Every structure is written in structure tokens, then in C-alpha cells.
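Everything quoted here is computed from the prediction, not taken from an experiment.
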Amino acid sequence: MIVPEPDRAHIRKAVSDRGLDLEDIRENTRSSTWQVTVVVDGDSGVSLDDLAELSVDLDPLAEQWGGSVQPVTLEVTSRGVDAPLEQPRHWRRARGRQVDLVYVDGAEGPSRGRVGDLDEATGVVRIVSRAGRGTTVESVALEQVARAVIRVEFRPAPQEELDLLSEPENPGRGVREGENR
């Protein structure tokens, strides 16, 4: 382990103090220069300024890792758009985005759809998908999803799909911070 536990606690606090979530601390000792990657995310995204400030804050700690003989490179980064949706907060942040879905054995659902409202209490997400010429809405239990990855789109999402992201009787539930209802 490159990063000692007290430094891990400092990293968690530094990330939390910025209103971000610590997703992972990755360590790689397989090359001549060890590498530590701190992965963060946030409800409003992560700016380059956030990453730069966090890197400056953590740099004095990184200078101690590896001692005087082993160089260590510190990288502070965001999850990236291709990171799988694994936690409810990832699904909440992906609202309105198109995702490719793979289900656990025995479960079925759309293989591609747009992420709608998430009910974190029940662990169910609303998925809007195309079926032929029409659009369907399904409630998918997160426990039935084996893998989900955001699909990068280069066009704006169709308005008819965006209109179905929330239940008509409960519009705006699950809306991300700063998003119009």
C-alpha cells in the first residue's frame, strides 16, 4: 500500500470539504514510478479548477509516499463518462443520459434507454427507451442491472424522451441539482 491510512483519511476529508465524493484511490506499484490516482465525482460535476485545487492540497502528502528512493506520481481525476453506473448516486447524476444496459441472469429489460427518475428508497430507476416507432417507459430495479454505461450522444436528446423522464403526476422527482424541472 502506497498511501497510509492517515493520508487516506486526509484525502477523504479534502474531497468531502469540496462537496465531492471520493470514488476510488488507485495504486500502481508495477512500474519504476509508482502511481496514485484519486478519482472524484460530484452532483454538479467536477471542474478542472476542483481537480487542480485538490491536487495542490494533496501534493505535500504525495511527496512523502515512497520515501526518498521511490518516485510517486499523483493524479487527481474525475470518474469519466465511460465509468459504469454502480451506485445510486451515479444513476441520479446520469438522469437524462442514454445508457447501455446488461442484466443479471434471469432479468430482462431494455438494452438501451434514457435514465429517468431514480427512487433511491426502492432502488428502482425509470428507463425511457425506443420500441419500434414508439417510446416505452419501464421501471428497472438496480439490483437486476449487471452493467450500465453511459452512451455518449452528439445530438440533443429527443424532447419526447425527456418529457417521460418523470412520472406525470410527480414531475421533477429525481431531478439533479441545477436541472430544470
Side-chain angles (χ1 to χ4, degrees), residues 1-3 7-31 34-59 62 72-105 107 109-129 138-157 161-162 165 174-179:
M1 178 171 25
I2 300 172
V3 182
D7 290 354
R8 289 176 180 271
H10 180 89
I11 292 169
R12 282 190 288 274
K13 182 173 181 342
V15 170
S16 175
D17 287 349
R18 287 170 173 77
L20 301 172
D21 294 315
L22 178 63
E23 293 289 334
D24 198 5
I25 299 174
R26 298 180 191 142
E27 300 177 339
N28 182 350
T29 59
R30 285 184 248 156
S31 64
W34 290 354
Q35 184 169 4
V36 175
T37 304
V38 176
V39 183
V40 298
D41 199 8
D43 282 344
S44 301
V46 181
S47 71
L48 291 176
D49 289 341
D50 291 335
L51 297 174
E53 290 173 12
L54 191 55
S55 181
V56 167
D57 187 18
L58 300 179
D59 191 56
V72 177
T73 300
L74 170 66
E75 178 184 6
V76 180
T77 187
S78 65
R79 289 184 74 235
V81 72
D82 60 342
L85 306 179
E86 297 173 331
Q87 301 292 323
R89 67 179 180 264
H90 301 154
W91 287 92
R92 188 181 65 245
R93 292 172 184 156
R95 188 179 188 277
R97 308 288 301 264
Q98 195 174 54
V99 294
D100 287 327
L101 300 150
V102 176
Y103 296 90
V104 298
D105 288 340
S111 61
R112 179 172 293 160
R114 193 163 305 282
V115 177
D117 288 348
L118 170 69
D119 186 339
E120 289 193 48
T122 60
V124 173
V125 65
R126 187 177 173 97
I127 299 291
V128 178
S129 62
E138 294 184 45
S139 295
V140 173
L142 297 182
E143 66 186 23
Q144 294 185 339
V145 176
R147 181 171 171 79
V149 178
I150 291 175
R151 189 166 189 269
V152 176
E153 299 175 281
F154 296 100
R155 293 185 228 170
E161 291 182 16
L162 296 176
L165 296 179
V175 173
R176 292 181 298 190
E177 186 176 315
E179 184 180 48

How long is the straight-line distance from CG of Leu142 back to CG of Asp119, given to the nearest 0.5 Å?
9.5 Å
Please check: side-chain N/O of Tyr103 versus main-chain N/O of Ser111, any donor-acceptor pairing under 3.5 Å?
no
Inspect the surroundings of CD in Glu153 and state if more than 12 heavy atoms from other residues, nucleotides or ligands are less than 6.0 Å away.
yes
Would you say that more than 12 heavy atoms from the other residues, nucleotides or ligands in this model lie under 6.0 Å from the CZ of Arg26, or not?
no
Stepwise side chain to side chain contact (heavy atoms under 4.5 Å, CB included) test for Arg92 and Asp43:
CA-CA 8 Å; Arg92 188 181 65 245; Asp43 282 344; 2.8 Å; yes
Nearest heavy atoms of Asp57 and Ala14, plus distance in Å
OD2-CB, 3.3 Å
Give, for atom CD1 of Ile25 and atom CD1 of Ile11, the distance between the pair rounded to the nearest 0.5 Å.
4.0 Å
Using the rule given for side chain to side chain contact (heavy atoms under 4.5 Å, CB included), can you reason through Arg97 versus Val81, listing the C-alpha separation, both sets of side-chain angles and the distance that settles it, and then say yes or no?
CA-CA 10 Å; Arg97 308 288 301 264; Val81 72; 3.4 Å; yes
Does Ser47 offer a backbone N or O that forms a donor-acceptor pair with the side chain of Asp50 under 3.5 Å?
yes
Pairwise side-chain contact, Arg93 with Leu85, heavy-atom cut-off 4.5 Å (strictly under)
no
Which atoms form the tightest heavy-atom contact between Gly96 and Arg114, and what is the distance?
O-NH1, 2.9 Å
Keeping the roles fixed (side chain from Arg8, backbone from Val3), state whether a donor-acceptor pair exists under 3.5 Å.
yes
Would you check if Glu23 and His90 make a side-chain contact, meaning some heavy-atom pair closer than 4.5 Å?
yes
To the nearest 0.5 Å, atom CZ of Arg18 lies from atom CG of Leu51 at 10.0 Å
Between atom CD of Gln144 and atom CG of Asp105, what is the distance when rounded to the nearest 0.5 Å?
12.0 Å
Looking at Glu161 and Arg112, does any basic side-chain N land under 4.0 Å from a carboxylate oxygen?
no
Considering all heavy atoms of both residues, which atom of Arg95 and which atom of Gly116 are nearest to each other, and what is their separation?
CG-O, 3.8 Å
Just by modelled atom types, is the Ile2 backbone N or O under 3.5 Å from a matching donor or acceptor in the Glu27 side chain?
yes
Heavy-atom closest contact (Val140 atom, Pro110 atom, distance)
CG2-CD, 4.4 Å
How long is the gap from CG on Leu74 to OG1 on Thr37, to the nearest 0.5 Å?
8.0 Å
Counting N and O atoms only, with roles assigned by atom type, does the side chain of Gln35 sit under 3.5 Å from a partner on the main chain of Glu75, one being a donor and the other an acceptor?
no
Charged N to carboxylate O below 4.0 Å: is that the case for Arg89 and Asp41?
no
Any donor-acceptor pair under 3.5 Å from Arg151 side chain to Gly113 backbone:
no
Specify the closest pair of heavy atoms between Val15 and Leu22, including all atoms of both residues, with the distance to one decimal.
CG1-N, 3.6 Å
How far apart are the closest heavy atoms of Gly42 and Leu20, and which atoms are they?
CA-CD2, 3.9 Å
Give, for atom CG of Leu54 and atom CG of Asp49, the distance between the pair rounded to the nearest 0.5 Å.
12.5 Å
